[in-house]
Amino acid sequence: MSKDLNKIKVGLAEMLKGGVIMDVTTPDQAKIAEDAGAVAVMALERIPAEIRKDGGIARMSNPEMIKGIQKMVSIPVMAKCRIGHFAEAQILEALEVDFIDESEVLTPADEKNHIWKKDFKIPFVCGARDIGEALRRIGEGAAMIRTKGEAGSGNIVEAVRHMRTVQNQMKELTVMDSEELMATAKNLGAPFELVEIVAKNGKLPVPNFAAGGIATPADASLMMQLGAESVFVGSGIFMSEDPANRAKAIVDAVTHYKDAKKLAEVSSRLKSAMKGLDISEIPEEQRLQERGW
Amino acid sequence: MKVGVLALQGNYEMHCKVLEKINIEPVYIKYPYELDMVRGLIIPGGESTTMSKLMNRIDLYDGILSFAKKYPVLGTCAGLILMSNKVVDSNLTPLRLLDINIKRNGYGRQINSGTVNVELKLEDTDYSIPASFIRAPKIVDYNNVKVIAQYEDVPVIVSNGKHLGISFHPELDNITILHEYVFLNGDK
């Protein structure tokens with residue numbers, strides 16, 4: 001098959017819209033996620049809340065573990081590599097994962113540069129806190145953007161901040177005069193051609209998902225109503241008291257995100273959510289969202 | 001004329017854009033009663049396991065089955081899987097709108113995805129269109145359907161005269177002829 005790579009990469013991201021992508025650390029968790037209706041799973045050795053607690057260097061997952069998950073489920077399998085660590089990404093591509101997350105949740109491997117994602121046949125998703133960061137990642141070849149939020153916090157406040165920031169900046173671009181776009185591109189640190197595209201269409205040229213702190217069906221609905229096209233749930237499911245029910249409830253919440261009665265119904269049978277952290281409890285140098293350039 | 005687009009999960013927005021181009025008003029379908037408003041239905045691409053679970057949770061299954069007795073249904077990719085008679089590698093229960101058997105991801109994982117050209121004839125006109133396969137399902141057996149296009153000797157568009165199933169994504173390449181064929185030309 002011939003490869004108009006960008007179309008095929010962004011195409012898979014399009015197919016994941018209106019769904020929930022769940023972090024899983026074992027094949028059994030992957031099965032729970034698939035049975036709940038996840039559109040994809042993110043295979044990783046430790047969920048963000050555990051990485052935060054344990055410390056040390058967080059790296060790409062063990063290939064054996066990724067293969068175990070690929071064998072267990074038929075939905076797409078994603079995996080994370082460190083920012084700038086293109087060798088890890090090459091290994092993930094060789095394993096035929098369906099999507100790579102160049103993720104701030106892992107310890108960065110390069111403090112200046114991200115991966116040149118256009119060199120790969122499989123698509124990448126990257127985190128962003130504002131539109132400049134989003135367009136830099138798309139310029140490098142990302143096929144999907146997600147908010148960074150604050151992974152492993154169980155606290156939605158940072159994801160909301162990042163989603164609102166990106167949405168407001170997109171709106172601002174659409175009402176600018178052409179003369180203003182170049183200076184804006186310079187200030188945002190974003191590729192001019194992509195700034196022009198957003199100014200014209202009022203949206204990113206790739207799907208825009210939410211991640212980082214989603215713990216409840218209401219959190220998922222909030223992010224969808226703020227403009228997210230799908231949600232990633234990391235620690236929120238398997239750190240809760242009833243992962244299978246919570247996973248299913250969040251899937252239902254994303255599909256019916258505007259239907260408050262439905263949201264009340266799916267939220268009512270759940271046990272406790274993960275405990276979570278106030279952002280002020282996390283010292284600035286330990287905030288994962290600060291990683292990425 | 002209004003046509004519904006099943007909007008539980010997947011790339012339903014792109015199908016709406018195709019419908020608007022051919023002057024059909026799209027309506028998002030998330031509940032069975034919404035089918036009363038439309039005269040055709042699209043089941044889009046996305047994750048078939050996810051869509052099937054969501055369909056069961058809100059009783060859309062029977063709603064679509066009785067709707068499909070009267071009105072045409074077009075399915076792409078995951079939609080084709082849901083319209084099939086049997087999915088050979090999964091315990092997913094399909095709608096059995098087309099007499100075909102399906103292997104999910106039959107064309108491989110994302111790394112094997114890509115675009116090819118396929119030839120087809122509709123209403124005596126020949127077309128050559130791009131066909132984008134993304135973790136696409138493969139038709140492994142079929143009966144009582146007309147093969148409208150094939151790739152490497154395997155059917156990729158099939159019709160039973162009323163419903164149409166496609167294993168790739170015409171909506172990603174702005175192809176409108178298949179939507180027109182199903183929803184604007186009456187029964188074939």
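Chain A is the first sequence line, chain B the second, and so forth, proteins listed ahead of strands; every chain is numbered from 1.
- At a 4.5 Å heavy-atom cutoff, the contact between A:P76 and chain B is made by backbone and side-chain atoms alike.
- Contact annotation for B:Y107: only side-chain heavy atoms (C-beta onward) come within less than 4.5 Å of a heavy atom of chain A.
- There is no contact between A:A13 and chain B, counting heavy-atom distances below 4.5 Å.
- Judged by distance alone, the side chain of A:K7 and the main-chain N or O of B:L172 form no donor-acceptor pair under 3.5 Å.
- Of the atoms belonging to A:V77, heavy atoms from both backbone and side chain fall under 4.5 Å from chain B.
- Shown here for A:E96 and B:R109, the closest heavy-atom pair between the two residues is O-NE, 3.0 Å.
- Only the side chain of B:I134 comes within less than 4.5 Å of a heavy atom of chain A; its backbone N, CA, C and O stay farther away.
- Residue A:K248 touches chain B through both its backbone and its side chain, counting heavy-atom pairs closer than 4.5 Å.
- Within residues 53-64 of chain B, the residues having any heavy atom under 4.5 Å from a heavy atom of chain A are, by residue number, B:K53, B:L54, B:R57, B:I58.
- A donor-acceptor pair is defined here as one N or O able to donate and one able to accept, closer than 3.5 Å; no such pair exists between the side chain of B:N11 and the backbone of A:G11.
- The candidate from B:E152, B:H169, B:M51 with the greatest count of non-hydrogen atom pairs under 4.5 Å with chain A is B:H169.
- Looking only at distances, no side-chain donor or acceptor of A:E14 sits under 3.5 Å from a matching main-chain atom of B:G10.
- Residues of residues 32-44 of chain B never come closer than 4.5 Å to chain A when only heavy atoms are counted.
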